[in-house]
A.B. asks: 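Before anything else, here's the structure in question.
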Number of protein chains: 2
Amino acid sequence: MASVLGKRLKEARLRIGLSQAQVGINAGMDQSVASTRINQYERDVHVPGFAVAEQLAKALKVPSAYFYAVDDQLAAWILAYAKIPASDRRTIMEEAGIAPRRL
Amino acid sequence: MASVLGKRLKEARLRIGLSQAQVGINAGMDQSVASTRINQYERDVHVPGFAVAEQLAKALKVPSAYFYAVDDQLAAWILAYAKIPASDRRTIMEEAGIAPRRL
DNA sequence: CAACTAAGACTCTCTTAGCGA
DNA sequence: TCGCTAAGAGAGTCTTAGTTG
């Protein structure tokens with residue numbers, strides 16, 4: 001597999017229930033190229049640059065890092081981040097024994 | 001900013017304490033190009049493809065998705081994933097009210 | 001309408017060959 | 001040694017123009 005982005009993009013699109021063209025249009029692409037480009041991304045024919053990936057992430061309501069998670073468990077972990085209230089994240093990380101200050 | 005990868009790459013490299021050249025070599029690059037390429041990535045002159053990003057992630061012991069986390073809090077969340085024992089992740093997600101099966 | 005594909009135009013990365021701290 | 005840069009060759013994406021289910 002050239003990249004995981006195609007797989008995650010399709011996952012996220014089907015979850016919301018949009019067509020390939022609609023995702024592209026919602027991400028700001030011209031309707032004349034939207035369908036083709038999303039299809040190329042999902043089938044790993046081409047890989048979008050990060051600026052485009054960010055627009056796709058907004059359109060599909062996932063963090064952009066989700067598209068680059070190779071491990072399915074990590075992908076779910078990243079989705080969890082978006083669903084958990086910000087105030088609870090620190091608590092979870094503290095309970096897990098992670099010091100958030102030291103990156 | 002063209003991408004966040006440069007920022008995260010430098011963060012992860014300095015944390016481990018390696019030179020730009022060493023990171024490239026550890027990621028499997030020829031020593032004649034390693035220094036130049038890592039420098040170009042860190043300064044956002046160029047952006048590596050995902051296959052290269054995965055090699056960099058291995059060399060720096062972070063999940064590859066870390067390089068694509070725009071939000072600092074999400075970046076820390078992804079690092080936490082790598083530090084938490086696999087058996088504990090499910091517990092944390094269950095406690096947070098996330099159903100891991102439904103992606 | 002929705003998913004998909006080939007191929008040329010166009011854009012960007014990777015390598016080479018360097019400079020300066 | 002380390003960090004950094006310009007520029008051409010080479011590799012990739014994006015657009016156009018379609019086909020198929």
Side-chain angles (χ1 to χ4, degrees), chain A residues 1-62 64-70 103, chain B residues 1-62 64-70 103:
Chain A
M1 192 180 299
S3 86
V4 281
L5 190 142
K7 182 181 171 183
R8 302 286 171 226
L9 178 56
K10 186 170 187 176
E11 268 175 16
R13 176 175 68 83
L14 295 179
R15 200 154 44 211
I16 290 198
L18 294 176
S19 69
Q20 293 176 341
Q22 264 308 319
V23 170
I25 289 164
N26 290 358
M29 295 175 192
D30 191 282
Q31 56 176 328
S32 65
V33 301
S35 169
T36 299
R37 285 177 63 184
I38 302 302
N39 191 327
Q40 288 167 338
Y41 300 154
E42 286 194 2
R43 305 190 72 77
D44 291 327
V45 175
H46 294 311
V47 179
F50 188 67
V52 172
E54 273 191 296
Q55 292 305 305
L56 294 171
K58 280 184 192 169
L60 296 169
K61 302 187 197 309
V62 294
S64 48
Y66 173 72
F67 293 134
Y68 303 92
V70 179
L103 283 182
Chain B
M1 190 180 301
S3 86
V4 280
L5 190 141
K7 181 182 172 183
R8 301 287 173 224
L9 178 56
K10 186 170 187 176
E11 268 176 16
R13 176 175 68 83
L14 295 179
R15 200 155 43 210
I16 290 199
L18 293 175
S19 68
Q20 293 176 340
Q22 264 307 318
V23 170
I25 290 165
N26 291 358
M29 294 174 192
D30 191 281
Q31 55 176 334
S32 65
V33 302
S35 169
T36 298
R37 285 175 65 183
I38 301 301
N39 190 309
Q40 288 168 338
Y41 300 154
E42 285 193 3
R43 304 191 71 77
D44 291 328
V45 176
H46 294 312
V47 179
F50 189 68
V52 171
E54 273 190 295
Q55 293 304 306
L56 294 171
K58 281 183 191 170
L60 296 170
K61 302 187 197 310
V62 294
S64 49
Y66 173 72
F67 294 134
Y68 303 92
V70 179
L103 284 181

A.B. asks: Roughly how many Å is it from CD1 in I38(B) to P in dT5(D), rounded to a whole number?
C.D. replies: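 Atom-to-atom, I38(B) to dT5(D), this comes out as 15 Å.
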A.B. asks: Among R8(A), Q20(A), K10(A), whose side chain to side chain donor-acceptor pair (under 3.5 Å) with E42(A) holds?
C.D. replies: Q20(A)
A.B. asks: Let me know the distance between CD of Q40(A) and P of dA6(C), rounded to the nearest Å.
C.D. replies: 10 Å
A.B. asks: Once you measure the plane-to-plane angle for F50(A) and Y68(A), does it fall in the parallel (<30°), tilted (30-60°) or perpendicular (>60°) bin?
C.D. replies: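 Rings of F50(A) and Y68(A): tilted, as their planes differ by 30° to 60°.
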A.B. asks: Can you measure H46(B) atom NE2 to dG12(D) atom C1' for me and round it to whole angstrom units?
C.D. replies: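 One finds 13 Å between C1' of dG12(D) and NE2 of H46(B), rounded.
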A.B. asks: From dT16(C), dG3(D), dT5(D), pick the nucleotide closest to the side chain of V33(B)?
C.D. replies: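 Nearest to the side chain of V33(B) among the choices is dT16(C).
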A.B. asks: Out of curiosity, S19(A) OG to R13(A) CZ, how far, rounded to the nearest 0.5 Å?
C.D. replies: 7.0 Å
A.B. asks: Could you give the CG-to-P distance, from D44(A) to dC4(C), as a whole number of Å?
C.D. replies: 12 Å
A.B. asks: Between C1' on dT13(D) and CG on L5(A), what's the gap in Å once rounded to a whole number?
C.D. replies: 14 Å
A.B. asks: Roughly how many Å is it from CD in Q22(B) to P in dC2(D), rounded to a whole number?
C.D. replies: 8 Å
A.B. asks: Nearest nucleotide by nearest heavy atom, which residue falls closer to the 5' end of DNA chain C, Y41(B) or N39(A)?
C.D. replies: N39(A)
A.B. asks: Select one nucleotide: of dT16(C), dA2(C), dT15(D), the one nearest the side-chain heavy atoms of T36(A).
C.D. replies: dT15(D)
A.B. asks: Would you mind reading off the distance between L56(A) atom CG and dC14(D) atom P, rounded to a whole angstrom?
C.D. replies: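 My rounded result for the distance is 10 Å.
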A.B. asks: For dA6(D), does OP1 or OP2 lie under 4.0 Å from any side-chain N or O of R43(B)?
C.D. replies: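 No, outside the criterion.
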A.B. asks: dT13(D) P sits how many Å from R37(A) CZ, rounded?
C.D. replies: 11 Å
A.B. asks: Which sits closer to the 5' end of DNA chain D, K10(B) or P48(A), going by the nucleotide each is nearest to?
C.D. replies: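 Per heavy-atom nearest nucleotide, the more 5' residue is K10(B).
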A.B. asks: Evaluate the side-chain contact (heavy atoms from CB on, under 4.5 Å) criterion for residues I16(B) and V23(B): first the C-alpha distance (whole Å), next the side-chain angles of each, then the deciding distance (0.1 Å), finally the verdict.
C.D. replies: CA-CA 10 Å; I16(B) 290 199; V23(B) 170; over 6 Å; no
A.B. asks: Could you walk me through whether L56(B) and Y41(B) satisfy the side-chain contact (heavy atoms from CB on, under 4.5 Å) test, starting with their C-alpha distance in whole Å, then the side-chain angles of each, then the deciding distance to 0.1 Å, before giving a yes or no?
C.D. replies: CA-CA 11 Å; L56(B) 294 171; Y41(B) 300 154; 4.2 Å; yes
A.B. asks: For the side chain of Q20(A), counting heavy atoms from C-beta on, which of dT15(D), dC4(C), dC4(D) is nearest?
C.D. replies: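 Minimum distance to the Q20(A) side chain belongs to dC4(C).
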